[in-house]
Amino acid sequence: MRIIVSGAAGFIPSHMCDRLLAEGHTVAGLDNFLTGSPKNLAHLQGRPGFQFIRHDITQPLPEALLDSAQVGAVLHMASPASPKDYMEHPIETLDVGSAGTRRMLELARAHGASFLLTSTSECYGDPAVHPQVETYWGNVNPVGPRSCYDESKRFAEALTMAYHRTHGVRTNIARIFNTYGPRMQLNDGRVVPAFIDQALRGAPLTVFGDGSQTRSFCYVSDMVEGLYRLMFSGERYPVNLGNPTEMTILEFAEQIRALTGSRSEIVRQPLPEDDPKQRQPDISKAIRVLGWEPRVTLDQGLRHTVGYFQELERVSI
Ligand code: UDP
């Protein structure tokens with residue numbers, strides 16, 4: 001089937017493109033490189049079945065896409081996603097969740113294609129319910145620094161449901177929890193690349209606040225498997241995808257130090273405003289409707305990821 005992927009040069013979407021091609025689909029990837037990197041797609045250049053179109057999806061879509069051969073699915077994955085990135089680009093983030101989502105939904109509707117939105121655990125904000133279940137409506141500060149991302153994704157979810165209810169588009173919504181792996185940007189500010197980079201350079205590991213806040217990290221191949229299953233499912237309401245193994249950021253820093261054999265010290269930096277205190281997905285629904293749960297342990301996933309960053313640093317020397 002022919003599949004359109006927005007945000008194709010992003011971390012998770014680039015892995016999704018690999019998976020779709022490996023399954024025999026043809027893929028047209030869209031990206032404007034605001035935060036995605038051409039490097040993430042370099043290995044697909046010239047690959048039969050893959051086409052890349054540099055395009056900002058908040059703008060009218062190229063004719064070629066509207067007229068082209070039948071599209072079977074639209075995966076709308078475009079958005080700045082790391083806190084550093086979306087706080088640097090708050091208006092673009094709101095635009096891609098609103099105007100961008102609308103254009104991608106229209107594309108799916110015009111082709112009678114299915115539509116998958118990659119939403120986020122940030123829809124739960126700083127959650128008062130733990131672990132987070134899909135039926136929890138969240139605790140989002142609508143005017144805080146993270147609101148550009150949280151509300152953009154919440155709006156995108158609402159628009160997706162409206163297209164399903166009004167136009168019968170076959171939609172799916174994934175709420176993605178913290179995901180890591182090769183092709184994360186070393187400087188995107190997220191805790192996984194930040195700590196690995198610091199540990200490998202022998203620089204201090206920067207723990208924000210007292211490090212007691214929790215996160216649950218999912219390896220990218222598990223995430224892609226969950227997304228692939230979801231796009232073929234008839235589940236229209238949001239489904240959490242993530243790894244439920246929860247840890248504090250301080251424990252995570254210790255784990256990175258142990259894994260890399262680093263002697264980096266741990267230093268404290270101020271906790272960013274509205275930083276969620278706890279996050280852990282309840283994945284009972286994904287297990288029930290998709291038969292999916294993560295397989296890769298944190299230790300295995302981090303070893304792969306550290307290996308990737310070591311290679312990057314070796315090449316750049
Ligand atoms: N964090 C940290 N040091 C860093 C980067 C992040 O302690 O150098 C913390 C951050 O405050 C948050 C957690 O790690 O509590 C995860 O942050 P990340 O930016 O990876 O993603 P988030 O889950 O907040 O979207």
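One-based numbering, in listed order, for ligands and for the atoms of each. As the structure is a prediction and not an experimental result, all values here were calculated from the model.
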Any ring pair (Phe, Tyr, Trp, His ring centres under 6.0 Å) involving residues 281-314? Give me the pairs, sequence neighbours left out, ordered by first then second residue. Tyr219-His304

Once you measure the plane-to-plane angle for Tyr149 and Tyr86, does it fall in the parallel (<30°), tilted (30-60°) or perpendicular (>60°) bin? parallel

Using the ring-ring contact (aromatic ring centres under 6.0 Å, His included) criterion, which residues pair with His55? Sequence neighbours excluded. none

Side-chain heavy atoms under 4.5 Å apart, restricted to Ile/Leu/Val/Met/Phe/Trp/Tyr: what other residues fall into the cluster of Val143, or is it alone? none

Protein N/O near ligand 1 N/O, under 3.5 Å, which pairs?
unit_1: ligand 1; atom_1: 3 (N); unit_2: Thr206; atom_2: O; d: 2.6
unit_1: ligand 1; atom_1: 7 (O); unit_2: Phe208; atom_2: N; d: 2.8
unit_1: ligand 1; atom_1: 8 (O); unit_2: Thr206; atom_2: O; d: 3.3
unit_1: ligand 1; atom_1: 8 (O); unit_2: Thr206; atom_2: OG1; d: 3.0
unit_1: ligand 1; atom_1: 11 (O); unit_2: Asp275; atom_2: OD2; d: 2.7
unit_1: ligand 1; atom_1: 15 (O); unit_2: Gln213; atom_2: NE2; d: 3.1
unit_1: ligand 1; atom_1: 15 (O); unit_2: Arg215; atom_2: NH2; d: 3.3
unit_1: ligand 1; atom_1: 15 (O); unit_2: Asp275; atom_2: OD1; d: 2.6
unit_1: ligand 1; atom_1: 15 (O); unit_2: Asp275; atom_2: OD2; d: 3.4
unit_1: ligand 1; atom_1: 20 (O); unit_2: Val191; atom_2: N; d: 2.8
unit_1: ligand 1; atom_1: 23 (O); unit_2: Asn178; atom_2: ND2; d: 2.8
unit_1: ligand 1; atom_1: 23 (O); unit_2: Arg215; atom_2: NE; d: 2.6
unit_1: ligand 1; atom_1: 23 (O); unit_2: Arg279; atom_2: NH1; d: 2.7
unit_1: ligand 1; atom_1: 24 (O); unit_2: Arg146; atom_2: NH2; d: 2.9
unit_1: ligand 1; atom_1: 24 (O); unit_2: Arg215; atom_2: NH2; d: 3.2
unit_1: ligand 1; atom_1: 25 (O); unit_2: Arg146; atom_2: NH2; d: 3.2

Looking only at the aromatic ring of each residue, does the gap between the centers of Phe217 and Phe177 stay below 6.0 angstrom? no

If we count only N and O atoms by modelled type, under 3.5 Å, do the side chains of Glu246 and His130 hold a donor and an acceptor together? yes

